[in-house]
Amino acid sequence: MEEAKVIPVVETKDGTISVASAFAGHQEAVQDRDHKFLTKAVEEAYKGVDCGDGGPFGAVVVHNDEIVVSCHNMVLRHTDPTAHAEVTAVREACKKLNKIELSDCEIYASCEPCPMCFGAIHLSRIKRLVYGAKAEAAIAIGFDDFIADALRGTGFYQKAQLEIKRADGNGAAIAEQVFEKTKEKFRMY
């Protein structure tokens, strides 16, 4: 009878918990796998620029160790400021898999996702995100992806000036009522 193995649990400085693998070579296998899929996302970034579709960003969605979709930034091609690589990848994966919840998928992005892309990843329930470059690499060549800073008005690199105001009075009340009035008719999950 084989002896049970103890799997060490390590708590990191930021409070997250990491479970060490029970077999040798696991970390290297994960790194090789991540490198393979991240390389495909980077290839997509080059492809998007080469064909003039948009900025140098790529993303792939993976399900059961197979690439479901491989996408790049399509902002210029579609004249759509929301057609970032990650958003496009989430949209295409949902269509291909015919579902809106991708909790059994992973996404690999060539660059740290902007808040919009992170929102799409989060809302799709993707279980794992691996990215390559930090957002500062994109900012250094002129991209304005610190949307959270723009909302707070603290963006050092902020290009657009946008006034943000929450409606008050009757406007806010009727907008909030839609949730209460439709909660029994609409269920996402």
Side-chain angles (χ1 to χ4, degrees), residues 12 14 16-19 26-152 155-160 189:
T12 63
D14 65 358
T16 59
I17 301 227
S18 173
V19 179
H26 174 73
Q27 191 61 34
E28 291 80 16
V30 169
Q31 287 173 345
D32 289 347
R33 181 180 174 280
D34 286 351
H35 180 74
K36 177 178 93 171
F37 293 129
L38 189 56
T39 298
K40 183 64 177 167
V42 171
E43 289 170 2
E44 276 293 330
Y46 281 114
K47 179 180 171 184
V49 171
D50 289 345
C51 65
D53 287 344
F57 303 95
V60 297
V61 174
V62 175
H63 179 256
N64 293 334
D65 284 334
E66 296 292 326
I67 294 176
V68 175
V69 294
S70 183
C71 300
H72 54 262
N73 184 289
M74 301 288 279
V75 168
L76 299 177
R77 169 168 278 197
H78 295 310
T79 319
D80 177 358
T82 69
H84 291 196
E86 300 91 334
V87 171
T88 302
V90 167
R91 287 175 182 159
E92 293 301 316
C94 287
K95 285 179 194 173
K96 189 168 184 179
L97 297 172
N98 195 31
K99 58 186 184 175
I100 61 170
E101 189 207 2
L102 303 174
S103 61
D104 54 355
C105 295
E106 300 166 278
I107 190 165
Y108 290 80
S110 62
C111 186
E112 180 179 1
C114 74
M116 176 186 69
C117 292
F118 182 78
I121 292 164
H122 175 75
L123 291 172
S124 70
R125 308 292 194 256
I126 286 177
K127 68 179 176 182
R128 187 167 183 257
L129 159 67
V130 177
Y131 68 89
K134 288 184 175 184
E136 287 79 9
I139 291 169
I141 65 165
F143 284 92
D144 183 21
D145 277 341
F146 277 85
I147 296 169
D149 283 341
L151 287 171
R152 292 187 299 266
F156 181 75
Y157 297 100
Q158 189 173 332
K159 293 178 189 173
Y189 302 104

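Just the heavy atoms: all of them, side chains too, but no hydrogens, waters or symmetry mates, feed the values below.
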**OP:** For N73 and G55, indicate whether the former's side chain and the latter's backbone hold a donor-acceptor pair under 3.5 Å.
**Re:** yes
Original post:
Are any of the side-chain heavy atoms of D34 and R128 separated by less than 4.5 Å?
Top reply: yes
**OP:** For the pair N64 (side chain) and E66 (backbone), establish whether a donor and an acceptor sit closer than 3.5 Å, ignoring hydrogens and angles.
**Re:** no
**OP:** Report the relative orientation of the aromatic rings in F37 and Y108; use parallel for angles under 30°, tilted for 30 to 60°, perpendicular for over 60°.
**Re:** tilted
Original post:
Does a side-chain heavy-atom distance below 4.5 Å link H84 with T88?
Top reply: no
**OP:** Kindly compute the distance separating CD (E86) from CD1 (I121), expressed to the nearest 0.5 Å.
**Re:** 5.5 Å
Original post:
Shortest non-hydrogen contact from A45 to G58?
Top reply: CB-N, 3.6 Å
**OP:** Decide side-chain contact (heavy atoms from CB on, under 4.5 Å) for K36 and D32; before the verdict, give the C-alpha distance in whole Å, the side-chain angles of both, and the deciding distance to 0.1 Å.
**Re:** CA-CA 6 Å; K36 177 178 93 171; D32 289 347; over 6 Å; no
Subject >> Heavy-atom check, side chain of V60 versus side chain of C71, under 4.5 Å >> reply: no
**OP:** Kindly indicate whether the side chain of E101, heavy atoms from C-beta on, has any atom under 4.5 Å from the side chain of C94.
**Re:** no
Subject >> V130 side chain near E106 side chain, heavy-atom distance below 4.5 Å >> reply: no
Original post:
Looking only at heavy atoms, what is the nearest atom pair of S70 and K40, with distance?
Top reply: OG-CE, 3.4 Å
Original post:
If you round to the nearest 0.5 Å, how far is NE2 of H63 from CD1 of I107?
Top reply: 14.5 Å
Subject >> Residue pair P113 / F118: nearest heavy atoms and the distance that separates them >> reply: CB-N, 3.9 Å
**OP:** Tell me, with the steps shown, if I67 and V61 meet side-chain contact (heavy atoms from CB on, under 4.5 Å).
**Re:** CA-CA 6 Å; I67 294 176; V61 174; over 6 Å; no
Subject >> 4.5 Å side-chain heavy-atom contact, M74 and D80 >> reply: no
Subject >> Heavy-atom check, side chain of V68 versus side chain of V62, under 4.5 Å >> reply: no
Original post:
Any ion pair linking D104 and K127 (charged N to carboxylate O, less than 4.0 Å)?
Top reply: no
**OP:** Return the minimal non-hydrogen interatomic distance between L102 and A93, and the atom names on each side.
**Re:** CD1-CB, 4.0 Å
Original post:
Heavy-atom distance under 4.5 Å between the side chains of R91 and V87, does that happen here?
Top reply: yes
**OP:** Please indicate whether K134 has more than 12 foreign heavy atoms, meaning atoms of other residues, nucleotides or ligands, lying under 6.0 Å from its NZ.
**Re:** no
Subject >> Taking every non-hydrogen atom, the tightest pair across H72 and G48 >> reply: CD2-CA, 3.2 Å
**OP:** Please check if the side chain of S110 supplies one atom and the backbone of V42 the other of a donor-acceptor pair under 3.5 Å.
**Re:** no
